[in-house]
Amino acid sequence: MRRALLSLSACAFVAISQPALAEAHVERHSEVAVVTADLPPLYAAELARATGFLDTMMADGIVVPVPKDPGGGYTHEQHKRNFRAIYLGGQIFRITGDERYRDYVRDMLLEYAELYPTLGDHPERHDQYSGRIFWQVLNDAMWLVHAVQGYGDIRDTLSVDDRQNIDDNVFRPAVYFLSVESANTFDRIHNHATWATAGVGMTGYLLGDQDMVERALMGSNKSGEAGFIRQTELLFSPDGYYTEGPYYQRFALLPFLVFADAVERNEPERKIFEHRDGILLKALRTTVQLSYRGYFFPFNDAIRDKSLRTAELYDGIAIAYAQTGDPSLLSVAEFQGRTVLTANGMRVASDLAAGEAAPFPFQSLLLTDGPNGDEGAVAILRQGTANAEGEPATVLIAKNSSQGMGHGHFDKLAFQLYDNGNEIVRDYGAARFLNIVAKRGGRYLPENTTWAKTSVAHNTLVVDERSHFDGDVRVADANWPEQLYFSDAPGLQVTSAQIDSAYPGVNMRRTMLMPDIPGLEAPVIIDLVHASSGEAHQYDLPLHFSGHIMEYDFDMQGKVAERPVLGTENGYQHIWVDAQAEIADGSGALTWILDGRFYTYRFAGNGPLTAVLGESGANDPEFNLRREPLLMLRAQREGEASFVSLIEAHGSYDGAAEQTLDSRSLIASLDHDRIDGLDILRLTLESGQRYSIAVSHNPEPEQAHTVTLDGESIAWTGFAAVITLTGEEN
């Protein structure tokens, strides 16, 4: 078996053509400044950043404490710093030849060689997935993935005794723990297993142990029913969408791509980057698409402040660029302002410095879910003026995907809306303060179950104050929406999906459109929600918006003497009621402002509605929840319930200049008719111009449709159309 050096940085200078750099490496100059003299700026900055971190660590001496703390605690954070120091210290040694860094990494690993054989289950074990160095197996696997790369950079320079000691008392037992003692994690189809198989497989390549490699690739029994290869086949859809959502897709990509890169260098005959139609490289591009202004769409158990500027993607972008030469990936690296100290990172930095970057092609697209692409989908509609990075200003995301396993939320047919650089209609993400000990040790909070995962915490239809699938993840994992239609045609983008399993006996369909309407400043969002059942139900449609309310056109009765709670369970116990209105004709409008831009939500129901203005945060004794506003539309219906709404961005407010423009909606009225299953919306602008948005729900592109309303004929072909109406409104 061949054994290539594990860490990518081990071969960094093979790819560097500058004679001065090669000479500096050969002569092993101890001064980083000598080595970095001709480095491209991004790479030089990365080396300086790594050196600064290592110098601080080295000044503090080697600290390898006995594990005792949960996430965010002292020992947890120290061991995280240690694996980063091992990883970066090895790279700096390879680049500069400064033996101080090699010796520091060696001595730290020798300390681990003393500690590791004494460890049992972590004292803060939370469940059956307990780690040794950390409170959960996942973190032990992350330690191994990083540490084995740093070790690979120095291993050949160590004495036989030191190498044997570290091999036998750190890396072999760590592999045994992950792949044998923790086989229940190792053989899962899950991101924890991705990290574990990557660490084990890369250790196998470094130590020349083919058995480790085969277990990593094919599962603990080498059958192929589990392991790294099987994970690439089951965790991604054919479009590269990761079933747990963007947050975990970002997290899992590092082990997927770093291990794949090691496989490619050690066993190129496996053609790992060609496997399943290049799924790993496709997944990297999809990850970037699942973001707005750099921040990931916070589906499921997502920490909302995660962005493309994350350690897991610096390696991913560099590896993908080395494999594809795609210049649009360079613009992502430029946005990140970071790279990695590897040959791949050097290529990114060099080509970026040479001006070879091209804008990343952010676009509207449908991302199917499930290994066969038949378990729902995520629809992304983009439109509007693009920023300097080429990303359109307005983005609508329709979450018609599968549950996402244990990290999934009960929010079928939910949506989010971004505009003007902000999240306008929000998704809560996870109820968790990651690695903050004061908040339950940094673990998921109880409110993650009682609020964040519930249906009412999302922008989706809720029936009888119960969550979809009654909050049972086993039922949810077996059911998903059906994506009925998708179009990214310029001027009228559409997504439509339905589900009949979220509530027994209730069929729900949601169709969302992003049309260009002449006379309006920005694309509008039209939302058609229909539910049907043979029984009477209460239907609630919450809208979680960002901003400060400006005005509304219905009679709200404020709760000024007391602040009641909306319900008792399924998330309703966490909603304060601030005001309520009974709307006999079922129509109204609410306007709010965010970041100097106004947004009007205009709605109409197929009968009377109750509107509830509320805020999250009730029944929260530990102050774990964010206080965020919502507007809920409530209908009591037997048969069909319909909610038709429109979100319009308009105007501006400049506080410094004390100037306000178009603070009120440019739409005078919205009318909705439903005729034989066809939806006809008629808009009248303040200018008097009238338009119809007609939806047939028939995907046949050549099918003709005609409806007559108030003596006016409305004709179109295909699923939907925007039609200019003539004459005065009747």
Side-chain angles (χ1 to χ4, degrees), residues 5-60 80-106 108 145-155 157 254 258 261 308-319 321-322 329-330 332-354 356-357:
L5 282 173
L6 177 64
S7 173
L8 299 177
S9 62
C11 58
F13 281 87
V14 174
I16 301 174
S17 60
Q18 297 96 322
L21 289 178
E23 181 180 352
H25 178 61
V26 171
E27 294 182 4
R28 294 185 180 272
H29 287 292
S30 60
E31 294 297 329
V32 174
V34 175
V35 180
T36 60
D38 296 319
L39 289 176
L42 194 65
Y43 196 88
E46 200 65 45
L47 182 58
R49 184 180 292 108
T51 303
F53 171 74
L54 259 295
D55 288 348
T56 300
M57 290 285 289
M58 291 165 67
D60 292 338
K80 282 173 57 180
R81 286 189 290 270
N82 286 351
F83 76 59
R84 186 180 172 211
I86 294 168
Y87 170 69
L88 293 175
Q91 292 179 327
I92 295 171
F93 168 67
R94 280 291 177 186
I95 294 169
T96 69
D98 190 333
E99 294 182 356
R100 292 180 303 130
Y101 298 100
R102 187 272 314 274
D103 293 348
Y104 178 75
V105 173
R106 176 200 63 201
M108 182 178 288
V145 166
H146 289 85
V148 75
Q149 292 182 78
Y151 183 43
D153 282 330
I154 71 166
R155 186 174 182 272
T157 71
L254 189 145
V258 171
D261 194 61
L308 296 173
R309 296 186 176 106
T310 181
E312 292 86 359
L313 282 185
Y314 303 147
D315 252 314
I317 292 295
I319 291 169
Y321 182 66
L329 296 176
L330 294 177
V332 179
E334 185 173 31
F335 171 85
Q336 293 172 324
R338 298 288 300 273
T339 189
V340 287
L341 298 176
T342 66
N344 296 332
M346 172 60 77
R347 182 176 174 185
V348 166
S350 297
D351 290 356
L352 190 57
E356 297 183 17

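These figures come from a predicted structure and were not determined experimentally.
For Arg102, the salt bridge (charged side-chain N to carboxylate O under 4.0 Å, His left out) criterion is met by Glu99, not counting sequence neighbours. Annotation: salt bridge (charged side-chain N to carboxylate O under 4.0 Å, His left out) contacts of Arg309 (sequence neighbours excluded): none.
Inter-residue side-chain proximity for Leu54 and Phe93 is flagged as unmet; no heavy-atom pair is nearer than 4.5 Å. Residues Val145 and Gln149 are in side-chain contact: their nearest non-hydrogen atoms beyond the backbone lie under 4.5 Å apart. Looking at Glu356 and Ser350, their side chains never come closer than 4.5 Å, going by heavy atoms from C-beta outward. Under the 4.5 Å side-chain criterion, counting only non-hydrogen atoms from C-beta, Tyr151 is not in contact with Val105.
In terms of heavy-atom proximity, Leu39 sits nearest to Ala44 at CB-CB, 3.9 Å. Taking each heavy atom of Ile86 and Ala147 in turn, the nearest pair found is CG2-O, 3.6 Å. When all heavy atoms of Leu330 and Val348 are compared, the pair lying nearest together is CD2-O, 3.7 Å. Residues Gly152 and Arg94 come closest through the heavy atom pair O-NH2, 3.9 Å. What you find for Met57 and Ala85 is that their closest heavy atoms are CE-CB, 3.9 Å. The two residues Val340 and Tyr43 come nearest to each other via the heavy atoms O-CE1, 3.6 Å.
The distance from atom CD1 of Ile92 to atom OH of Tyr104, rounded to the nearest 0.5 Å, is 11.0 Å. The distance from the CG atom of Asp103 to the CD1 atom of Ile154 is 8.5 Å, given to the nearest 0.5 Å. Going from atom OH of Tyr314 over to atom CZ of Arg338 covers 4.5 Å, rounded to the nearest 0.5 Å. If you take CG on Leu341 and CG on Leu88, they are separated by 6.5 Å, rounding to the nearest 0.5 Å. Of the inter-residue distances, the one linking Asp315 atom CG with Thr339 atom OG1 reads 8.0 Å to the nearest 0.5 angstrom. Distance check: Arg106 CZ to Arg155 CZ gives 15.0 Å after rounding to the nearest 0.5 Å.
Between the side chain of Gln336 and the main chain of Thr310, no donor-acceptor pair closer than 3.5 Å is present. A donor-acceptor contact shorter than 3.5 Å links the side chain of Thr342 to the backbone of Gly345.
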What's the verdict on side chain to side chain contact (heavy atoms under 4.5 Å, CB included) for Met58 and Tyr101, showing C-alpha distance, side-chain angles and the deciding distance? CA-CA 9 Å; Met58 291 165 67; Tyr101 298 100; 3.7 Å; yes
Show, in sequence, the C-alpha distance, side-chain angles and deciding distance for Asp261 and Asn344, and conclude whether the side chain to side chain contact (heavy atoms under 4.5 Å, CB included) test is met. CA-CA 10 Å; Asp261 194 61; Asn344 296 332; 3.9 Å; yes
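Aromatic ring pairs are classed by plane angle as parallel below 30°, tilted from 30° to 60° and perpendicular above 60°; the pair His146 and Phe83 is parallel.
In this model, no donor atom of one side chain and acceptor atom of the other lie less than 3.5 Å apart for Asp153 and Tyr87.
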